[in-house]
Undergrad: 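This is the structure, below, for whatever I ask next.
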Number of protein chains: 2
Amino acid sequence: MGITERREKEKKEMRGLILETAMKLFLEEGFENVSLRRIADKIEYSPATIYLYFKDKDEILYALHNEGFEKLYALQQTTLDIKDPLKRLWKQGELYINFGLENPEYYNLMFIMRSPAKKICEENQWETGLRSYGFLKDNVSECMEAGLMPMAEVEIATFSFWAHVHGVVSLIIRERCVIIPEEFLPHIIKGSFDFMMEVFKKK
Amino acid sequence: MGITERREKEKKEMRGLILETAMKLFLEEGFENVSLRRIADKIEYSPATIYLYFKDKDEILYALHNEGFEKLYALQQTTLDIKDPLKRLWKQGELYINFGLENPEYYNLMFIMRSPAKKICEENQWETGLRSYGFLKDNVSECMEAGLMPMAEVEIATFSFWAHVHGVVSLIIRERCVIIPEEFLPHIIKGSFDFMMEVFKKK
DNA sequence: TTAATAACTGAACAGTGTTTAGAAAAGGAT
DNA sequence: ATCCTTTTCTAAACACTGTTCAGTTATTAA
């Protein structure tokens, strides 16, 4: 049945168009200033049409949240060519922080906003998030097994690492560091990450 | 002029009533489900009346944000009886995390939400926040001067500490750790805080 | 060409924050 | 107690929001 097949493809294309347009608007104007009606306007459809492709607004946010995790995971993979697991972990932290600072809207969806998390909790679909977390955890445990860092519970060391980088990114993108002059920020970020990373070094 | 004096007192009381009611509703039902109209209903005034006491909704959030910092600062003060600055710093971290987990709505206002931060940026009034940060920074620098922790830039060590505890609290209250069974959470939190705090110990 | 199915939309609903014109209440002066 | 002024309050409207649904238009099958 080539016809229903094409139908499905068109449906996917439409979903894609909606997501693309939504994200574009989010990036340009921030979440607060983008409504379903404005997305509908931009793609020249009625607001009601969007509901034929997404159950509600949260489902759009959830889809974009997943997109974000795809991007992050792709980035994480680029560290695999680093042989030393400790150096690789270091790189992953820098990468995470940069990703967050350069893609605040994605970061917001993935780690801060409430609505997409609601959807995920209800339907128990943390897959993409867990995949990235697992990648990090494996790296930590590799460091430990190689005797490059002090022994500790892997879960705890990983969470500690994540908490730090998340803390840095979220404090900055939610503008809790505006008293720090912009030109000093990179120094503070790099410095505090390196400071924290000392615990991952064997004494 | 006892009359204009009383007028001002009444004005303050009304502001207080609005703030109190607003926070009560926020705590009971979460920010998403509380509107100005519902606050107005609860105090049995018209929504328009609120605008005689607050410029807009953000001003209410800003006032409550300050209330949150008062609470936090009061808590911080309770650590002053601890003589050892390193132990005091430790206590401050635990205190911060507990405050965040037990008062997620206040924490949200103080460190996550966008709208109150906007107000603050525009009017450059970080006072209460900076006071708490300063308190923490002084403690860190005291540890360093006493030779209890490795030497480092105070600003960097402080920010690193803050990033960690903020990371922990915000990941949890924004439900990014729901895969971790609730009974393990305290262990992970304490463990990862202690893990991070190793950098504050002299080797 | 007609019947059935799918895609789409106008209009409405119930809600939001905010503004404004005018009513109600309070205070001061006669 | 009356009049006038000032303050306090609110009904109603405005321009939005997400969402639903009856009804229209377009596409496909017979």
Side-chain angles (χ1 to χ4, degrees), chain A residues 1-19 21-23 25-26 29-65 109 113-119 122, chain B residues 1-19 21-23 25-26 29-65 109 113-119 122:
Chain A
M1 304 282 122
I3 168 113
T4 57
E5 211 172 87
R6 196 212 58 201
R7 276 253 167 82
E8 262 182 53
K9 206 191 85 187
E10 279 177 355
K11 198 134 194 163
K12 265 191 185 163
E13 276 172 3
M14 185 64 165
R15 273 181 70 102
L17 177 65
I18 293 170
L19 289 177
T21 311
M23 198 64 213
L25 283 175
F26 288 150
E29 334 210 5
F31 285 103
E32 282 81 38
N33 314 305
V34 180
S35 63
L36 280 182
R37 278 176 161 84
R38 292 205 47 215
I39 297 169
D41 272 8
K42 200 99 181 179
I43 58 174
E44 296 184 290
Y45 279 87
S46 134
T49 302
I50 293 179
Y51 286 86
L52 301 174
Y53 298 90
F54 294 93
K55 209 193 107 217
D56 53 25
K57 201 187 180 186
D58 279 4
E59 201 165 282
I60 296 176
L61 298 181
Y62 173 66
L64 292 173
H65 138 114
L109 281 167
M113 274 188 77
R114 267 207 173 111
S115 28
K118 239 187 236 165
K119 262 245 137 44
E122 281 161 14
Chain B
M1 304 282 123
I3 169 115
T4 58
E5 210 174 89
R6 196 212 55 201
R7 277 253 167 83
E8 263 183 51
K9 205 192 84 187
E10 280 176 353
K11 197 134 194 162
K12 266 194 185 161
E13 278 172 2
M14 185 64 164
R15 273 183 70 103
L17 178 63
I18 293 170
L19 290 177
T21 311
M23 198 63 213
L25 284 175
F26 288 150
E29 334 210 2
F31 285 103
E32 282 80 38
N33 314 303
V34 180
S35 64
L36 279 181
R37 281 177 160 84
R38 292 204 47 214
I39 298 169
D41 272 8
K42 198 98 180 182
I43 58 174
E44 295 184 291
Y45 279 87
S46 133
T49 302
I50 292 179
Y51 286 84
L52 300 174
Y53 298 89
F54 295 93
K55 210 193 107 217
D56 53 24
K57 201 189 181 184
D58 279 4
E59 202 165 283
I60 296 177
L61 298 181
Y62 172 67
L64 293 173
H65 138 115
L109 281 166
M113 274 189 79
R114 257 192 184 126
S115 27
K118 239 187 237 167
K119 261 247 137 44
E122 280 161 14

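Values in this document were obtained by computation on a predicted structure and should not be read as measured data. Numbers restart at 1 for each chain; the letters A, B, ... are given by sequence-line order, proteins then strands. Quick note: numbers below take in every heavy atom, side chains included, and nothing from hydrogens, waters or symmetry partners.
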Undergrad: To the nearest 0.5 Å, what is the distance between CG (Leu61(B)) and CE (Met23(B))?
TA: 9.5 Å

Undergrad: Checking Tyr51(B) now: which residues fulfil ring-ring contact (aromatic ring centres under 6.0 Å, His included) with it, not counting sequence neighbours?
TA: none

Undergrad: Can you run down the salt bridge (charged side-chain N to carboxylate O under 4.0 Å, His left out) pairs that involve residues 36-46 of chain A, sequence neighbours left out, and say none if there aren't any?
TA: Glu29(A)-Arg38(A)

Undergrad: In whole Å, I'd like the distance from the CD1 atom of Ile50(A) to the P atom of dA7(C).
TA: 16 Å

Undergrad: Run the ring-ring contact (aromatic ring centres under 6.0 Å, His included) test against Tyr45(B) and tell me which residues pass, sequence neighbours left out.
TA: none

Undergrad: Taking only residues two or more places apart in sequence or in another chain, which ones pass ring-ring contact (aromatic ring centres under 6.0 Å, His included) with Phe26(A)?
TA: Phe31(A)

Undergrad: Rounded to the Å, how far apart are Ile43(B) CD1 and dT8(D) P?
TA: 15 Å

Undergrad: For dC8(C), does OP1 or OP2 lie under 4.0 Å from any side-chain N or O of Tyr53(A)?
TA: yes

Undergrad: Nearest whole Å is fine: how far is dT6(D) P from Glu8(B) CD?
TA: 18 Å

Undergrad: Round to the nearest Å and state the distance from Glu10(B) atom CD to dC9(D) atom C1'.
TA: 14 Å

Undergrad: How long is the line joining CD of Glu44(B) and C1' of dT10(D), in whole Å?
TA: 14 Å

Undergrad: What pairs with Phe54(B) under ring-ring contact (aromatic ring centres under 6.0 Å, His included), at least two apart in sequence or on another chain?
TA: none

Undergrad: Mind calculating the distance between CD (Glu59(B)) and P (dG17(C)) to the nearest angstrom?
TA: 15 Å

Undergrad: Which letters describe nucleotides 12-27 of chain D, given B = protein heavy atom under 4.0 Å from base, S = only from sugar-phosphate, - = neither?
TA: -B---BBBBB------

